[in-house]
Structure formats: structure tokens, C-alpha cells
Amino acid sequence: MAVETDAAATPGMALADTDINWARLDKTRFHVIGAILFTAQQALLHPTHVVKTRMQVAEHSGLSRIRGGGLSVFRHLLRNDGIHGLYRGFGTSAIGSLPGRVLTLTSLEMSKDTMLKYTQEIDMPEATRLGMANGVAGMLSNLVSCFYFVPLDVISHRIMVQGLPRTTYCNGPFDAMRKVMKTEGFRGLYRGFGLTAVIQSPASALWWGVYGAAQHIIWRSLGYGEDKEKKPSDMEMVTVQATAGMMAGACSSIITTPVDTVKTRLQVMDNYGVGRPSVLKTTKTLLKEDGWWGFYRGFGPRFLNMSLYGTTMIVTYELIKRLSVKQV
């Protein structure tokens, strides 16, 4: 949805110019700036991810303090391990994510452009078209990224939960990888892959679909259209994008937390009995420990993480795109 050159040159920003497509981006700048800003955002939110992961994995009988909620786990980590405890697995996750982000962002933008192109002539509400295009792009990019990010999740999650019952001690990411591969071979690095691909891809579609539709609806409710008479300010643009991102993150966290809990435990916990851990064994153990409510372990930190992530990620992402537009 490119905008004419003369419109881009006028003061302010036309509404159509808030959605910068793949063809208008300087790809090198896009990925370099993205690597820097997304790593900074990841550092800001990593403690909530650690708290959420430990709550999901901890045994009900072994860690009664978790009943106090995410804040109790946060205080316990800070008191016993200091800041280092809140950033367990960050180096592995941050450095390992760099190539994965290039893969994810490229597939996201290219598939979104393709969907917008092929739905342009279809008679449907614009909010629906944008939601569908963003949703399909989110699902496809997640499917592609699963092949890279699942092994990274397995390794970083194991480092995050060091010391909890039924977890294996690992002296860093390479030791974690070695121990997983020694026990289960290469397939051990893909624990939870099927669950991630089958469930998280629709969840990603939900996130991006809600974001695309919500942003369009908010702009319309504020009186903006595709005409270039009324242009949103930078502050309005950031506020609308942040609100849409927060809504998308909140919706996604409510729906996907149960699956995320099972996936996280499947990836990091051992000694489930004879044979390789499975979704069924993990689910049965979780039900036995806490009942159905156990599937929402860590929901508070995850809701906070995904809401904050949705807000900061999309504002960061849209900023990266604006900073990466090709110079005419």
C-alpha cells in the first residue's frame, strides 16, 4: 500500500503511509536496526519470561511459595540469585535469536505483501482484508520460524529453570545441547515442535490478525481515512499502534497459555517414566498436580509479558520500518 511520492513529501504523515510495505524497505538497514532494537526490547521483558517459565515448570508440592503468584517468584529469584537469576538464558536467547529474526521478519513482510496483493480485488471490508492478510502472514512466518526457534527454546528454557525438581543441571547452552542430544539425539532439540507448530501458528495468526484489524478500526473511529487531508501525528500513530498491539497480545495470551504451559514443561522436564516425554504424559502429570487450573500456571506473568510485548514489539517494529524506508 505504497503512497505517492508527493504525499510522502508533505508535512505530517498520511494514513496510508503508516503501513510501509516490503518493497519500500532498505533490507540491510531493516535487519540491522531490527537486531539492535529488538534485542533491547527482549532485555526489557526477559525477567517476566523467566518468572513465567519457572512457574509453569515448578512442582505444586515442591514450591508452595509460587502460590503467592508471579511477584513471589520474582522476589525469590532476586533475593537468592540477584539480577543474574532474572536473566538466566538471556544470552543464549538474544544471540541465538538474531538469525531467526531475519528469517521471521522477511517471511512475515513478504507473505503479507502477497496476501494484500491477491485480496485487493475481493469485495470485503478493509478491516477484514487487513486482518486476514496480517493473520495469514503471521501464521506462515511462525511456521517457518519454528524450525529455528524450537531448539533455541529448548536450550534457553533449560537454563532458565536450573535447580527446580526433575530438571537437569546444565553448564551453559552448549552443555544443555550436548546433554539433550546425548540422551535423545537430534530430535531431543525439537521437543514440543509439533505442539508449537500446530498451536502457535494459529496463535500467531490471531495476534497479527487482531493487530491489523484493530489498528484499522481505531483509525476509522478517530476519523482518519485514506484521503490525505487529515494526517495523524507521530504521537497519535505510536498510541494507536501500541493500543492495537496490546489488544492483540492480551487476546493471544488468554487463548494460548494452556498450550504454552504444556509445551514448556515438555521441553525442560525429565524423568516422566519409561520412554520419551510426550504431550499426553506431560498433560496427565499437570492435571494430577494441579487439576485444570494448572494449565494456567504463570498466566499473570505471561499476560503481562505478552501485553507488554505486544505493545513494545509493534511500536519498535513500526519504528524500525519507518527508519528503514528507502531514500528517494
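- W219 places a side-chain heavy atom less than 4.5 Å from the side chain of M237.
- For the atom pair CG (D175) and NZ (K182), the distance works out to 10.0 Å, reported to the nearest 0.5 Å.
- R129 and L116 make their closest contact through NH1-O, 2.8 Å (heavy atoms, listed as atom of the first residue, atom of the second, distance).
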Item checked: Full working for side-chain hydrogen bond (donor to acceptor under 3.5 Å, both in side chains) between Q42 and R101 -> CA-CA 12 Å; Q42 186 177 0; R101 285 205 187 99; 2.6 Å; yes
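- Nearest heavy atoms, V315 versus A242: CG2-CB, 3.7 Å.
- L25 and L103 end up in different hydrophobic clusters when Ile, Leu, Val, Met, Phe, Trp and Tyr side chains are linked at under 4.5 Å.
- The NE2 atom of H216 lies 5.5 Å from the CD atom of E126; values are rounded to the nearest 0.5 Å.
- S97 places a side-chain heavy atom less than 4.5 Å from the side chain of L152.
- Between the side chains of Q41 and T316, no donor N or O sits under 3.5 Å from an acceptor N or O.
- M247 and I217 fall into different hydrophobic clusters, defined by Ile, Leu, Val, Met, Phe, Trp and Tyr side-chain heavy atoms under 4.5 Å apart, directly or through other members.
- Note: E109 CD to T104 OG1 = 12.0 Å, rounded to the nearest 0.5 Å.
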Item checked: Stepwise side-chain contact (heavy atoms from CB on, under 4.5 Å) test for I320 and F38 -> CA-CA 9 Å; I320 291 166; F38 273 134; 3.7 Å; yes
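- Taking the ring centroids of F193 and F147, they lie under the 6.0 Å cut-off.
- Put simply, the side chain of N80 reaches to within 4.5 Å of the side chain of H76, judged on heavy atoms.
- Residue N134 comes nearest to G212 through the heavy atom pair ND2-CA, 3.8 Å, listed as atom of the first residue, atom of the second, then distance.
- Residues H157 and V161 have side chains not in contact (no heavy-atom distance under 4.5 Å, counting atoms from C-beta outward).
- A continuous path of ILVMFWY side-chain contacts below 4.5 Å connects L37 to M313, so both sit in one hydrophobic cluster.
- Closest heavy-atom contact between A203 and S252: O-OG, 4.0 Å.
- R24 places no side-chain N or O within 3.5 Å of a backbone atom of K326 that could act as its donor or acceptor partner.
- Taking every heavy atom of both residues into account, V50 and L77 meet most closely at CG1-CD1, 3.9 Å.
- To the nearest 0.5 angstrom, I159 atom CD1 is 12.0 Å from T53 atom OG1.
- S201 OG to L206 CG: the interatomic distance, rounded to the nearest 0.5 Å, is 12.5 Å.
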Note to self: Could you go through S324 and H31, starting from their C-alpha distance and side-chain angles, then the distance that decides it, and tell me whether this counts as side-chain hydrogen bond (donor to acceptor under 3.5 Å, both in side chains)?
What the structure shows: CA-CA 9 Å; S324 304; H31 289 306; over 6 Å; no
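- Residue K284 places its NZ atom among 12 or fewer non-hydrogen atoms of other residues, nucleotides or ligands, all under 6.0 Å distant.
- Contact record, C146 with Y190: O-CE2, 4.4 Å, taken as the closest heavy-atom pair.
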Margin query: Go through it in stages, so that I can follow the logic: the residues are Y317 and Q241, the test is side-chain hydrogen bond (donor to acceptor under 3.5 Å, both in side chains), and I'd like the CA-CA distance, side-chain angles, deciding distance and then a yes or no.
Written below: CA-CA 10 Å; Y317 183 58; Q241 290 168 345; over 6 Å; no
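- The backbone N or O of V180 sits nowhere less than 3.5 Å from a side-chain atom of T183 that would complete a donor-acceptor pair.
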Next item on the list: Show your reasoning for whether side-chain contact (heavy atoms from CB on, under 4.5 Å) applies to L86 and H46.
Entry: CA-CA 7 Å; L86 297 173; H46 190 79; over 6 Å; no
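- When the side chains of ILVMFWY residues are joined at heavy-atom separations under 4.5 Å, either directly or via intervening members, V210 and L130 end up in two distinct hydrophobic clusters.
- Residue M124 places its CE atom among more than 12 non-hydrogen atoms of other residues, nucleotides or ligands, all under 6.0 Å distant.
- Electrostatic pairing of E184 and R191 counts as a salt bridge here, judged by a charged N lying under 4.0 Å from a carboxylate O.
- At a threshold of 4.5 Å between non-hydrogen side-chain atoms, the residues R187 and M181 do not count as touching.
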Next item on the list: Before giving the answer on side-chain contact (heavy atoms from CB on, under 4.5 Å), spell out for M110 and M115 the whole-Å C-alpha distance, their side-chain angles and the decisive distance to 0.1 Å.
Entry: CA-CA 9 Å; M110 291 182 69; M115 281 298 298; over 6 Å; no
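- Considering only heavy atoms from C-beta on, M139 stays 4.5 Å or farther from S204 through its side chain.
- Around the CG atom of L323, the shell of radius 6.0 Å holds more than 12 heavy atoms that belong to other residues, nucleotides or ligands.
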Item checked: Working for side-chain contact (heavy atoms from CB on, under 4.5 Å), residues L189 and V150 -> CA-CA 7 Å; L189 294 174; V150 168; over 6 Å; no
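- Grouping the Ile, Leu, Val, Met, Phe, Trp and Tyr side chains by contacts below 4.5 angstrom, directly or via other members, places W207 with L308.
- Between K117 and D113 the shortest side-chain heavy-atom distance does not fall below 4.5 Å.
- Between W22 and K27 the shortest side-chain heavy-atom distance falls below 4.5 Å.
- Panel note: side chain T48, backbone L45; a donor-acceptor pair is recorded below 3.5 Å.
- Looking at D26, its side chain does come within 3.5 Å of a backbone N or O of R29 through a donor-acceptor pair.
- Separating the OG1 atom in T92 from the CE atom in M177 is a distance of 9.0 Å, to the nearest 0.5 Å.
- Of the possible polar contacts, none joining the K52 side chain to the P47 backbone as a donor-acceptor pair under 3.5 Å is found.
- With W208 as the partner, the side-chain contact (heavy atoms from CB on, under 4.5 Å) test is satisfied by one option alone out of I314, V136, N142: I314.
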